[in-house]
Engineer: 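Below is one structure. I have some questions about it.
Letters go in sequence order (proteins before strands), and every chain restarts at 1.
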Amino acid sequence: MSLKVYNSLTRSKEQFLPLAEGRVGMYVCGVTVYDHCHVGHARVMVVFDVIYRWLKQLGYDVNYVRNFTDVDDKIIKRANEAGLDPKQLTDEMIEAFHKDMDALNCLRPTHEPRATLHMNEMIEMITQLVEKGFAYVADSGDVLYSVRKFDGYGQLSGKNIDDLESGSRVEVDGSKRDPLDFVLWKQAKPGEPAWSSPWGRGRPGWHIECSAMSCGHLGDTFDIHGGGMDLKFPHHENEIAQARAANGGGFARYWLHNGFVNINEEKMSKSLGNFFTICEVLKKYHPEVLRMFILGTHYRSPLDFSDQALDVAKAGLDRLYETKRRLHEAGKLPASDQGALPGSFVNAMNDDFNTPEALAGLFHVCKEVNRGLDAGEEISGLIAQFTAMLSLLGIVQEDAAQWFHGGDLDTGWIDALIAERSEAKKSRDFARADAIRDELAAKGIVLEDGADGTSWKQAG
RNA sequence: GGCAGGGUGGCUCAGUGGUACGGCGGAGGACUGCAAAUCCUUUAUUCGCGAGUUCGAUUCUCGCCCCUGCCUCCA
């Protein structure tokens with residue numbers, strides 16, 4: 001079975017066939033780097049990380065491009081408030097972003113272009129739009145895109161221009177010929193970051209950077225464009241209008257959009273203020289827990305964020321880690337993660353990256369491995385499947401003992417008590433043995449007596 | 001108002017025209033000195049409500065109810 005993906009453009013699941021055989025060009029909208037990322041951002045990054053990994057698994061040579069928006073009103077505002085140069089702020093936030101992504105075990109994209117380093121491409125694209133009559137210079141000096149000039153406007157988001165205008169919440173801007181027109185190039189006010197252009201010193205509008213950088217790296221027509229659902233309109237709609245009008249290409253062929261992260265059934269967002277940053281969550285939970293939490297729901301469905309949901313994700317990981325620990329202790333962990341993947345897992349992933357179903361396959365193999373271990377059977381094939389799935393999903397990559405021991409470094413006292421308890425057990429002094437176990441339990445240490453001695457883990 | 005996506009066991013999350021995957025939790029059992037972990041068994045006559053198509057619908061169609069999102073910046 002080959003890969004099928006849900007294409008937002010056609011609102012249907014389609015066979016995935018890349019433009020060039022064996023190669024995939026994928027562009028994902030990154031973040032505006034004015035603040036730390038929250039769990040909603042984590043979702044996009046993890047979702048597309050898994051998509052990236054799966055495409056590579058299928059043998060494609062993937063050119064994965066994810067941008068940084070490092071010029072923007074919010075950046076300017078935030079930098080001013082903090083008394084920083086915008087460049088300082090964006091550099092800092094990009095570093096923080098990378099730290100979060102590394103923690104979440106997201107592979108680095110092939111390219112991570114910054115908008116400020118692609119001014120020429122943007123200016124060139126705007127020039128073409130002006131020349132071809134899709135854009136005009138307004139009285140304000142801003143360059144605007146004339147939405148009504150572009151035929152297919154609204155195709156992606158399923159909107160038509162007249163509906164948009166009638167129910168419009170768009171502010172009426174006197175210099176716009178049509179309320180829906182959007183900015184391609186914005187005149188700089190004194191003190192704002194600015195670049196020279198045919199229309200004077202200024203900065204690009206938000207949408208143009210993605211059109212320019214995606215086409216710049218991947219060509220006028222490329223395979224996949226992704227991002228959060230909220231970018232569908234107007235951002236992606238505008239990207240399409242710009243790119244197709246400017247260079248006549250088809251732009252992205254498959255549009256993939258992930259669902260939101262909700263809190264109390266409400267979208268997590270900056271404007272509502274109901275967000276948790278990734279680093280906040282990581283103070284309380286291991287990054288793999290967050291990753292597992294995200295993979296537990298299909299990428300297009302809403303994902304409800306709560307401590308309880310994270311606890312469930314952790315419980316699932318604990319189960320997988322128990323098996324990993326058994327394998328480690330039995331000396332049966334394979335040296336390589338390159339084992340064959342079970343068919344159920346492959347089918348699930350090929351069906352629009354159905355990670356919940358893939359996880360079901362993983363848990364099934366996990367059980368089979370435990371069963372085989374209990375029975376002392378030869379199960380190296382199953383074990384190889386097990387670790388290959390974990391590696392592909394980017395979970396259960398820590399040392400199993402370390403996982404259960406938490407961040408505790410000073411564990412000598414625990415080992416000493418365990419040794420004492422072993423002696424007590426040997427002399428059948430179970431009262432003493434149980435007293436030690438209770439003493440440890442009171443400190444959150446749970447003991448497990450296995451065939452090869454006693455191991456321990458932190459409770460919860 | 002327009003458009004999009006949802007409503008599945010105690011919680012969570014898949015899925016399918018032939019009575020429902022997995023995880024967590026619960027119950028019983030095996031193992032254990034007792035536990036823990038693991039394994040086994042079990043835990044939805046039922047998939048928001050009503051009608052239709054069908055031999056048969058949770059899955060298709062229609063209507064209704066409820067929820068969320070987008071329509072302004074937003075992953």
Side-chain angles (χ1 to χ4, degrees), chain A residues 8 11 28-32 37-45 47-48 72-74 154 157-160 162-171 179-180 182 206 226-235 237 257-262 265-272 275 292-293 295-298 300-304 306 308-309 311-320 322-323 325-326 344 348 351 354-364 366-375 404 425 428-431 433-434 437-438 441 446-451 454-457 459:
Chain A
S8 302
R11 286 174 206 84
V28 173
C29 287
V31 291
T32 300
C37 287
H38 63 235
V39 177
H41 299 108
R43 187 174 194 192
V44 197
M45 302 313 155
V47 160
F48 283 96
D72 163 89
D73 290 351
K74 290 190 287 289
S157 50
K159 299 178 187 306
N160 75 63
D162 297 317
D163 284 349
L164 281 170
E165 295 213 352
S166 60
S168 180
R169 286 189 281 162
V170 180
E171 270 181 59
L180 291 173
F182 58 90
W206 174 37
M229 289 282 292
D230 46 1
L231 296 183
K232 217 170 177 181
F233 188 90
H235 184 55
E237 199 69 71
H257 292 101
N258 65 275
F260 298 127
V261 175
N262 295 154
E265 300 189 329
E266 212 175 33
K267 179 188 170 188
M268 178 184 290
S269 73
K270 295 258 171 164
S271 39
L272 288 171
F275 61 89
M292 183 71 169
F293 161 68
L295 297 181
T297 299
H298 185 85
R300 284 191 283 116
S301 300
L303 176 57
D304 271 305
S306 66
Q308 191 216 359
D311 290 340
V312 167
K314 181 178 181 302
L317 281 178
D318 283 343
R319 178 167 164 73
L320 297 169
E322 287 285 3
T323 301
R325 174 157 76 178
R326 292 186 73 184
S344 62
D351 185 12
N354 192 334
T355 51
E357 199 167 306
L359 285 174
L362 170 62
F363 279 108
H364 176 76
C366 178
K367 179 171 284 190
E368 289 299 316
V369 167
N370 281 323
R371 206 198 314 257
L373 248 25
D374 285 349
F404 288 116
K425 275 175 57 176
R428 304 194 66 77
D429 181 1
F430 295 121
D434 290 350
R437 188 166 64 197
D438 290 345
V446 177
L447 299 186
E448 293 177 11
D449 294 334
T454 301
S455 56
W456 63 272
K457 67 181 178 186

Engineer: Pick base, sugar-phosphate or nothing for A/Lys270, based on heavy-atom distances below 4.0 Å to the nucleic acid.
Structural biologist: nothing

Engineer: Regarding A/Asp72 and A/Thr32, is there a side-chain donor-to-acceptor distance under 3.5 Å anywhere?
Structural biologist: no

Engineer: Respond yes when some side-chain nitrogen or oxygen of A/Ser301 is under 4.0 Å from OP1 or OP2 of B/rA14, and no when none is.
Structural biologist: yes

Engineer: Could you tell me whether A/Lys314 and A/Asp318 make a salt bridge, using a distance below 4.0 angstrom between a side-chain N and a carboxylate O?
Structural biologist: yes

Engineer: Within the pair A/Asn160 and B/rG2, is there a side-chain N or O less than 4.0 Å away from OP1 or OP2?
Structural biologist: no

Engineer: Paired with B/rC47 by Watson-Crick or G-U wobble geometry, both distances under 3.5 Å: which nucleotide is it?
Structural biologist: none

Engineer: Partner lookup for B/rA20, please. Criteria are Watson-Crick or G-U wobble with both distances under 3.5 angstrom; report none if nothing qualifies.
Structural biologist: none

Engineer: Would you classify A/Met45 as touching base, sugar-phosphate or nothing, given that sugar-phosphate means primed atoms plus P, OP1 and OP2, and contacts are heavy atoms under 4.0 Å?
Structural biologist: nothing

Engineer: Give a yes/no on whether any side-chain N or O of A/Lys367 is located under 4.0 angstrom from OP1 or OP2 of B/rC40.
Structural biologist: yes

Engineer: By nearest atom, which of the nucleotides B/rA75, B/rC71, B/rG23 is closest to the A/Lys159 side chain?
Structural biologist: B/rC71

Engineer: Under 4.0 Å between a side-chain N or O of A/Asn370 and OP1 or OP2 of B/rC39?
Structural biologist: yes

Engineer: Does any N or O in the side chain of A/Glu237 come within less than 3.5 Å of the main-chain N or O of A/Gly154, such that one atom is a donor and the other an acceptor?
Structural biologist: yes

Engineer: What contact category does A/Asn354 fall into here, base, sugar-phosphate, or nothing, at under 4.0 angstrom with non-hydrogen atoms?
Structural biologist: sugar-phosphate

Engineer: Quick one: label A/Val28 by what it contacts on the DNA or RNA (base, sugar-phosphate, nothing), any heavy atom closer than 4.0 Å.
Structural biologist: nothing

Engineer: Any N or O donor-acceptor pair under 3.5 Å from the base of B/rG69 to the side chain of A/Asp230?
Structural biologist: no

Engineer: Side chain of A/Phe233 only, please: which of B/rC70, B/rC24, B/rU38 is the nearest?
Structural biologist: B/rC70

Engineer: Does A/Phe430 lie flat on the base of B/rG33, that is, centres under 5.5 Å apart and planes under 30° off?
Structural biologist: yes

Engineer: A/Lys267 side chain N/O closer than 4.0 Å to the phosphate oxygens (OP1, OP2) of B/rC70?
Structural biologist: yes

Engineer: Would a distance-only check, ignoring hydrogens and angles, find a side-chain to backbone donor-acceptor pair under 3.5 Å from A/Arg43 to A/Phe260?
Structural biologist: yes

Engineer: NA contact type, A/His38, heavy-atom cut-off 4.0 Å: base, sugar-phosphate, or nothing?
Structural biologist: base

Engineer: In Watson-Crick or G-U wobble terms, both distances under 3.5 Å, what is the partner of B/rU32?
Structural biologist: none

Engineer: With a non-hydrogen cut-off below 4.0 angstrom, is A/Gly450 in contact with a base, only sugar-phosphate, or nothing?
Structural biologist: nothing

Engineer: For the pair made of NE2 in A/His298 and C1' in B/rC13, what is the distance, rounded to whole Å?
Structural biologist: 12 Å

Engineer: May I ask you to verify whether the side chain of A/Arg371 and the base of B/rC40 hold a donor-acceptor pair under 3.5 Å?
Structural biologist: no

Engineer: Locate the shortest heavy-atom distance separating A/Ala459 from A/Val446; write the atom from each residue and the value.
Structural biologist: CB-CG2, 3.8 Å

Engineer: For A/Ser157, which contact category applies under a 4.0 Å heavy-atom criterion: base, sugar-phosphate, or nothing?
Structural biologist: sugar-phosphate

Engineer: Is it the case that B/rA35 (base atoms only) and A/Arg437 (side chain only) share a donor and an acceptor within less than 3.5 Å, ignoring hydrogens and angles?
Structural biologist: yes

Engineer: Can a cation-pi geometry be assigned to A/Lys159 and A/Phe233, taking NZ or CZ under 6.0 Å from the six-membered ring centre and within 45° of the ring axis?
Structural biologist: yes

Engineer: So, does A/Arg319 get its side chain near the phosphate of B/rG22, meaning an N or O under 4.0 Å from OP1 or OP2?
Structural biologist: no

